[in-house]
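These notes are about the structure you will find just below.
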Amino acid sequence: MSDSTTGLRRGAGVRDVAAAAGVSRQTVSRVLNDHPDVAAETKLRVIAAMDELGYRMNNAARALGTRRSRTIGVLASDALLYGPSRSIAALEASARAAGYWVSAAFADAGDESSVVSAVDHLVAQGVEGIVVVAPHARTLEALDALRIDVPVITLHSAGRGTRGLSVDQTAGARLAVAALVDAGHTRIAHLAGPSDWLEAESRAAGFAAELAERGLAAGPIIAGSWTAGSGYTATEEVRRSGVTAVFAANDQMALGLLGGLYEAGVSVPGEMSVVGFDDVPDAAYYWPKLTTVRQDFDELARQAIAALVSAQPVNASGIPPIAPVLVVRDSIAPPAR
């Protein structure tokens, strides 16, 4: 269809769908709004007409007709980092598959007023629920102080509280350390994430727990900032520590460390083994290819959206954390004798 005065193609509307399906506009509206009083054969005919005409639902119009926005709010901080950014993309895909839209607002996790403003922004848009990509304890504290009149789910919060969904960060760290110990390493360092991140705290706890269970002394913990630069900077401290292996709390820091060790003439994995966390898309192309712990961000997002669109009250405490998976590649070998 095109406008004769402009030559531009006009999108099909409800009137066009109704004419093609041989039904009234009211019937098309009922199909769009999932009204139960539509015969199955009629519904299929309307859907076929929509497909044939390339009809696209106008979300604003639907909200006016149903008083539902079919929109999920996403409140995020640190969205440039891999975990949060990957989660936001997965949430959008899961919401779309469930017939919902996503509206995102970004906040400074260290600024309570920024978190409050982001929540107000989402609520004002009539969102039906909010997913908080909340890696910081401060963000959760700010949320706890608010009265939010829509369901809320938090991700990357290490499963804190009744609304937190997570990958089992502690278990993932234990997998990484176990792989190093099983290769014969007894002196292992942890290149840790920032101390105010809940996931960094859980990964450090898993590191300590696995060493303790294996009867090994606690290894040195070296502070990082999630960046490749902080991994690179940690190289000298790693070398001075006398360890033969490092568990890095994310793949980006592992990448920086691999670069620093290469420049220092330290062979990986010949003289130093390294394990990361996240399994970023580039990890299989690091040199050497990085052994790491994979998180299932897609399943985490699916669980979050399913919990919000369910007719049941949101209570994440009954949903077990998602088990991570160790991905074995080339960056681990037995310690040099």
Side-chain angles (χ1 to χ4, degrees), residues 59-60 63 69-96 100-167 169 192-204 223-230 249-250 252-253 277-278 280 295 297 300-301 303-305 307-309 314 316:
N59 194 34
S69 68
R70 296 191 72 83
T71 301
I72 300 296
V74 174
L75 188 160
S77 60
D78 300 282
L80 296 180
L81 294 174
Y82 177 74
S85 67
R86 181 68 180 78
S87 294
I88 294 167
L91 286 166
E92 194 281 329
S94 291
R96 182 159 27 92
Y100 283 74
W101 286 259
V102 162
S103 177
F106 299 91
D108 178 353
D111 181 355
E112 182 177 348
S113 64
S114 177
V115 174
V116 172
S117 176
V119 171
D120 287 345
H121 175 75
L122 294 173
V123 172
Q125 295 182 54
V127 297
E128 297 184 20
I130 297 175
V131 183
V132 183
V133 182
H136 297 275
R138 293 190 303 271
T139 304
L140 298 187
E141 291 165 1
L143 289 171
D144 288 341
L146 297 176
R147 177 179 176 179
I148 306 174
D149 294 328
V150 296
V152 176
I153 285 285
T154 64
L155 304 186
H156 300 281
S157 57
R160 305 293 174 90
T162 60
R163 58 192 182 191
L165 293 174
S166 68
V167 174
Q169 304 295 316
S195 60
D196 61 337
W197 282 62
L198 296 169
E199 290 180 324
E201 178 185 313
S202 295
R203 292 173 198 177
S225 65
W226 296 135
T227 65
S230 68
N250 80 337
Q252 286 298 108
M253 291 193 295
F277 203 111
D278 281 336
V280 301
Q295 304 193 71
F297 293 107
L300 190 63
Q303 288 186 2
I305 297 300
L308 287 181
V309 304
V314 171

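All values reported here derive from a predicted model rather than from experimental measurement.
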Student check: side-chain heavy atoms of I72 and L91 closer than 4.5 Å = no
query = Which residues satisfy the side chain to side chain contact (heavy atoms under 4.5 Å, CB included) test with S195, sequence neighbours excluded?
reply = none
ask   = Can you name the residues that form a side chain to side chain donor-acceptor pair (under 3.5 Å) with E112, not counting sequence neighbours?
value = none
inquiry  = Within the structure provided, determine whether N250 and L81 are in side-chain contact (heavy-atom separation under 4.5 Å).
reply    = no
inquiry  = Run the side chain to side chain contact (heavy atoms under 4.5 Å, CB included) test against A204 and tell me which residues pass, sequence neighbours left out.
reply    = H190
inquiry  = Going by the rule side chain to side chain donor-acceptor pair (under 3.5 Å), which residues pair with Q295 if we only count those two or more places apart in sequence or in a different chain?
reply    = Q169, D278
Spacing of I148 atom CD1 and I130 atom CD1 [to the nearest 0.5 Å] = 5.5 Å
S103: side chain to side chain donor-acceptor pair (under 3.5 Å) partners, not counting sequence neighbours = Q125
Intermediate values then yes/no, side chain to side chain contact (heavy atoms under 4.5 Å, CB included), R203 and F277 = CA-CA 9 Å; R203 292 173 198 177; F277 203 111; 3.5 Å; yes
key: Results of side chain to side chain contact (heavy atoms under 4.5 Å, CB included) for D196 - residues two or more places apart only   = H136, R138, P194
key: Any residue meeting ring-ring contact (aromatic ring centres under 6.0 Å, His included) with W226, in chain and number order, not counting sequence neighbours   = W197
request  = For S117, check side chain to side chain contact (heavy atoms under 4.5 Å, CB included) against everything at least two apart and list the hits.
outcome  = none
ask   = For S87, which residues count as a side chain to side chain donor-acceptor pair (under 3.5 Å) partner, sequence neighbours excluded?
value = H156
query = Below 4.5 Å, heavy atoms only, C-beta onward: do L122 and T71 meet side chain to side chain?
reply = no
